[in-house]
Protein chains: 2
Amino acid sequence: MQSPVNNPSVRIACSSCNLRELCLPVDLDGHEMQQLDALTSLKRTFRRGEYLYRSGEAFRALYAIRTGFFKTQALHEDGREQVTGFQMPGEIIGLDAICSDAHSCDAVALEDSEICEIPFDRLEELSRELPNLQRHLHKIMSREIVRDHGIMMLLGSMRAEERLAAFLLNLSQRFSARGYSPNAFHLRMTRQEIGSYLGLKLETVSRTLSSFQEHGLLSVRVREVEIMDMLRLRSFVVGA
Amino acid sequence: MQSPVNNPSVRIACSSCNLRELCLPVDLDGHEMQQLDALTSLKRTFRRGEYLYRSGEAFRALYAIRTGFFKTQALHEDGREQVTGFQMPGEIIGLDAICSDAHSCDAVALEDSEICEIPFDRLEELSRELPNLQRHLHKIMSREIVRDHGIMMLLGSMRAEERLAAFLLNLSQRFSARGYSPNAFHLRMTRQEIGSYLGLKLETVSRTLSSFQEHGLLSVRVREVEIMDMLRLRSFVVGA
DNA sequence: CGGAGAGTTGAGAAACCTCAAAGCAGGTGG
DNA sequence: CCACCTGCTTTGAGGTTTCTCAACTCTCCG
């Protein structure tokens with residue numbers, strides 16, 4: 001993922017990384033911002049396919065994605081694994097590890113990526129001093145919970161077409177918020193990964209995309225998606 | 001739900017309510033505990049069917065369930081609603097409201113219940129002073145995220161039998177942690193509500209329960225469940 | 001005792017999955 | 001630079017699971 005063309009949300013981010021998730025701006029003055037920057041100075045890069053962390057590893061830090069694209073996946077006891085999310089620049093991952101001091105899922109780079117490490121001890125420390133930061137951290141965690149509820153709803157009560165429409169619209173909206181086109185984008189993940197995330201088999205994902213294309217909702221060429229009829233796509237999700 | 005017969009986890013809870021979720025004990029000394037107690041002194045009771053809060057209401061406080069049983073449900077834009085969780089004594093609800101300062105789901109009492117209100121401003125304030133409490137709050141939120149991932153996995157990759165087995169084992173484990181029998185318990189929710197939570201129709205829930213009974217895994221009489229073969233029930237969830 | 005909500009059960013339909021085969025794209029090594 | 005190989009994607013046919021619609025029963029209250 002290249003740098004956004006023109007994105008006001010990104011401009012207000014702290015200089016070293018996007019600690020704040022987009023749409024959740026935090027109110028910090030210059031000095032406070034410096035402290036936050038100092039906290040988030042450790043950066044690392046990952047090649048496509050590399051693991052940022054694995055299930056079971058000790059928890060030390062949260063990670064803010066600076067550039068690139070990740071997926072997180074949880075493994076079942078019986079070996080089945082399920083993608084629990086796709087993460088874009090500006091988003092925070094690792095929150096699920098706090099409760100047990102160990103990561104409960106894997107995070108894998110879907111393309112060459114750069115992240116910014118946020119030592120959790122020090123984040124907690126700093127957030128005791130900066131109530132704005134404290135509240136912001138709570139909001140990020142709460143937002144993750146709400147997001148998960150949305151996915152539960154999708155998995156529990158939507159049909160394949162609705163799930164895929166919701167998925168594409170969500171991607172579109174997130175790309176758009178980062179200054180990219182909401183109508184045309186590149187999928188970083190395989191059909192299998194999309195299916196895993198949406199509770200569908202890869203063949204169903206492929207068939208449904210083809211069907212969307214036949215009906216003129218969008219055009220797909222392998223991983224290149226162009227949404228042609230945003231309104232009709234939206235009507236899949238909202239209405240029955 | 002009556003008071004537990006003999007439950008060590010509850011004994012270490014603060015006196016006025018179970019702020020800590022079970023299995024996540026917090027390390028506070030006497031004075032700190034007093035401060036926490038002062039925070040959580042407001043109690044309220046609810047009759048079966050009453051709403052603790054509704055989607056859209058302003059967010060002011062978290063709620064610890066002291067006695068009783070709740071469900072939380074999210075409403076779709078199109079009117080569909082989905083149960084996102086069932087809550088028992090000692091559990092905290094309302095975390096999803098932090099991110100937007102408004103509740104994003106309804107909380108409904110499934111039986112006469114008593115809760116303890118925790119004003120969030122003051123909880124944040126106190127957790128700035130007490131690092132142990134701060135970490136504990138973060139763990140509670142993180143635990144909610146992990147729980148939700150578990151449900152996503154259930155919804156995305158399990159069949160009806162597996163989902164129901166997982167659901168019953170989860171209830172059993174939670175009752176057990178509260179000092180009740182893990183083998184025999186009363187369901188507080190309807191088939192419809194179970195189905196909504198598990199992404200199934202009520203008829204499928206009913207049929208699957210009947211099938212479990214036929215196979216000698218458990219006995220069901222409407223809402224009274226007795227698990228007869230815990231191991232075989234477990235094998236549904238772990239194995240293929 | 002009657003009514004309303006909850007639960008059970010059956011039959012047929014719909015959605016999605018499984019298995020299989022073939023086409024495509026991108027990377028690697030000759 | 002091309003050919004090949006591997007992994008990803010598409011499409012088809014048939015099977016399973018779950019849903020839908022419907023009728024009936026049960027249980028709990030008033």
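The figures that follow rest on heavy atoms only: side chains count, while hydrogens, waters and symmetry mates do not.
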Sugar-phosphate, base or nothing in reach of Gly195(A), heavy atoms under 4.0 Å: nothing
Distance, rounded to the nearest Å, where [X] contributes [atom1] and [N] contributes [atom2]:
X	N	atom1	atom2	result
Arg191(A)	dA25(C)	CZ	P	12 Å
Lys201(B)	dC21(D)	NZ	P	10 Å
Arg159(A)	dC19(D)	CZ	C1'	11 Å
Glu214(B)	dT8(C)	CD	P	12 Å
Leu209(A)	dT11(D)	CG	C1'	14 Å
Leu202(A)	dC17(C)	CG	P	10 Å

Test of ring centre spacing under 6.0 Å for Tyr63(A) and Phe70(A): no
Arg60(B) atom CZ, neighbour heavy-atom count above 12 within 6.0 Å: no
Test item: side-chain donor near acceptor, Ser196(B) and Glu81(B), under 3.5 Å: no
Starting the side chain at C-beta, find the nucleotide from [options] nearest to [X].
X	options	answer
Val222(B)	dA25(C), dC16(C), dG7(C)	dG7(C)
Ala160(A)	dC17(C), dC16(C), dT10(D)	dC16(C)
Arg223(B)	dA6(C), dT8(C), dC17(C)	dA6(C)
Arg207(A)	dA15(C), dT9(D), dA13(D)	dA13(D)
Leu200(B)	dC19(D), dA25(C), dT27(D)	dC19(D)

Minimum side-chain heavy-atom gap Asp106(A)-Tyr51(A) below 4.5 Å: yes
Sub-4.5 Å side-chain heavy-atom contact between Leu202(B) and Thr190(B): no
Distance test, side-chain N/O of Ser206(B) to OP1/OP2 of dT9(C), below 4.0 Å: no
Quiz item: Glu203(B) side-chain donor-acceptor pair to dC21(D) base, under 3.5 Å: yes
